[in-house]
Protein chains: 2
Amino acid sequence: MGKGEQTRQAILDEAFSLASCCGVGGLSIGVLAERTHMSKSGLFAHFGSKEELQLAVLRESQQRFADVVLRPAFRQPRGLARLRAIVINWLDWTKVANLPGGCVINAAAAEFDDQPGPLRDEVKHGLLALRRTLVETVVKAVEAGELRPDTDAEQLAFELEGIYQVTQQSRRLLDDPDADRRALAAFDRLVRDHAVIQTKE
Amino acid sequence: MGKGEQTRQAILDEAFSLASCCGVGGLSIGVLAERTHMSKSGLFAHFGSKEELQLAVLRESQQRFADVVLRPAFRQPRGLARLRAIVINWLDWTKVANLPGGCVINAAAAEFDDQPGPLRDEVKHGLLALRRTLVETVVKAVEAGELRPDTDAEQLAFELEGIYQVTQQSRRLLDDPDADRRALAAFDRLVRDHAVIQTKE
DNA sequence: GACACGAACGAACGATCGTCCTATAAAGCG
DNA sequence: CGCTTTATAGGACGATCGTTCGTTCGTGTC
């Protein structure tokens, strides 16, 4: 890795955790230069525009999400075990990754959902990819006979995303110590509702 | 209502819809002055600081939410009917109120959840109030015999909030035309799971 | 040793930000 | 009406924003 790539990555590391606190839109070249002990212009040259920097942060965020949440979960056997692993890792990933201020992409989703442009497109792309992964995982659990054949996989992914979001809000804003427990309870209820018909209770 | 109150309210109206698009943190005195055909200083004098303006917008938002979502729903008889009315109004309220860019408070929740100060406090207060209202409504449904006695009202409110948030994201960012249908499906499943034990299916 | 190249810097740009001060215009009231 | 209070405008402030320019430094190549 050449010198350029190296510092670019160092900048992205810092930008990543900065964006976690200030939002992708709240990123500032000046502040970022200060934190990386560089000049604004020197830093700027690595990206060419602020928007390009923001896009890089969003892509970085997606990659880390895949590394920290999805890849480890995919070592679980396909089906419910894998789905559960995704959810567990997902709920914890702001602690595992360097995300003092919460998930970058999720914050960006609220920030750019009504502002057309490359940033919104990137966020949308990332969240759609996650939705697809969830749907596929659910489908495999159905094929494995762990969930009922008439399970609506997209509906299940939809509700999983809801659990995630309210958990984040409860934890981060409402300081609710029960958030994680409630999240797991909601997940269990979701799975139980779609479990194959139990012969006896 | 004196002249002062009048223009102050006009400013708040504009600030409200502007904040819907740019976020409460993205509010700008200059832009707001332009839109209200006032000078920056003339507008500024009504609030004394930007933070005070932002707080006023948050309070305005809470009040409108109560007017548009809660008050009408409370005309329904207590119990499931009222809970359902709240959810329906809630899901629609960004269309009913003048919120082209989505719910102000919800966006502010993601924006300020890691930035201590009066703004975060105000957002937290508003969302906690909503949670309490949801919990109370659920409790009344239990008392009315429409939900099982062992229903965890706070858990139910938690999951309702999740349904709301994922619905907003699906609609606004992912352009999912099925979001409303899925939201109602999730709500129905939630209620069915806590319904009194059916004698026969 | 001459040269080319990428990386980083320092300075400045116009724009916009929130805020403050002072003067003028309008409104409310006796 | 005149007087007092309030509401608004105009202008300027220091700061920060993203961006551009020209220059310098260090490294590696012929």
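Basis for what follows: all heavy atoms, side chains included, without hydrogens, waters or symmetry-related copies.
- For DNA chain D, the outermost nucleotides in 5' to 3' order that have an atom under 4.0 Å from a heavy atom of chain B are D:dA7 to D:dG11.
- Proximity of residues 24-38 of chain B to DNA chain C (heavy atom under 4.0 angstrom from any strand atom) is restricted to B:L27, B:S28, B:I29, B:G30, B:V31.
- Paired with B:R148 under the rule side-chain hydrogen bond (donor to acceptor under 3.5 Å, both in side chains), one option of B:T151, B:D150, B:D152 passes, and it is B:D150.
- Ion pair A:D188/A:R84 flagged as a salt bridge, since at least one NZ, NE, NH1 or NH2 atom sits closer than 4.0 Å to an Asp/Glu carboxylate oxygen.
- Residues satisfying the side chain to side chain donor-acceptor pair (under 3.5 Å) criterion with A:D121, sequence neighbours excluded, are absent altogether.
- Atom-to-atom, NZ of B:K40 to P of C:dT19 comes out at 10 Å; the value is rounded to the nearest Å.
- A:R78 CZ: 12 or fewer foreign heavy atoms inside a 6.0 Å radius.
- One N or O on the side chain of B:R82 and one on the backbone of B:Q76 form a donor-acceptor pair closer than 3.5 Å.
- Every pair tested for side chain to side chain donor-acceptor pair (under 3.5 Å) that includes a residue from residues 93-102 of chain A fails, sequence neighbours excluded, so the list is empty.
- Listed in residue order, the members of residues 44-61 of chain A having a heavy atom less than 4.0 Å from DNA chain C are A:H46.
- Checked for salt-bridge contact, A:D13 and A:R64 meet the test: a charged N lies under 4.0 Å from a carboxylate O.
- Using modelled atom types, one finds a donor on one side chain and an acceptor on the other under 3.5 Å when comparing B:E159 with B:Q155.
- Residues passing the salt bridge (charged side-chain N to carboxylate O under 4.0 Å, His left out) test with A:R132, sequence neighbours excluded: none.
- B:W90 and B:Y164 have parallel rings, their planes meeting at less than 30° on a 0 to 90° scale where 60° marks the start of perpendicular.
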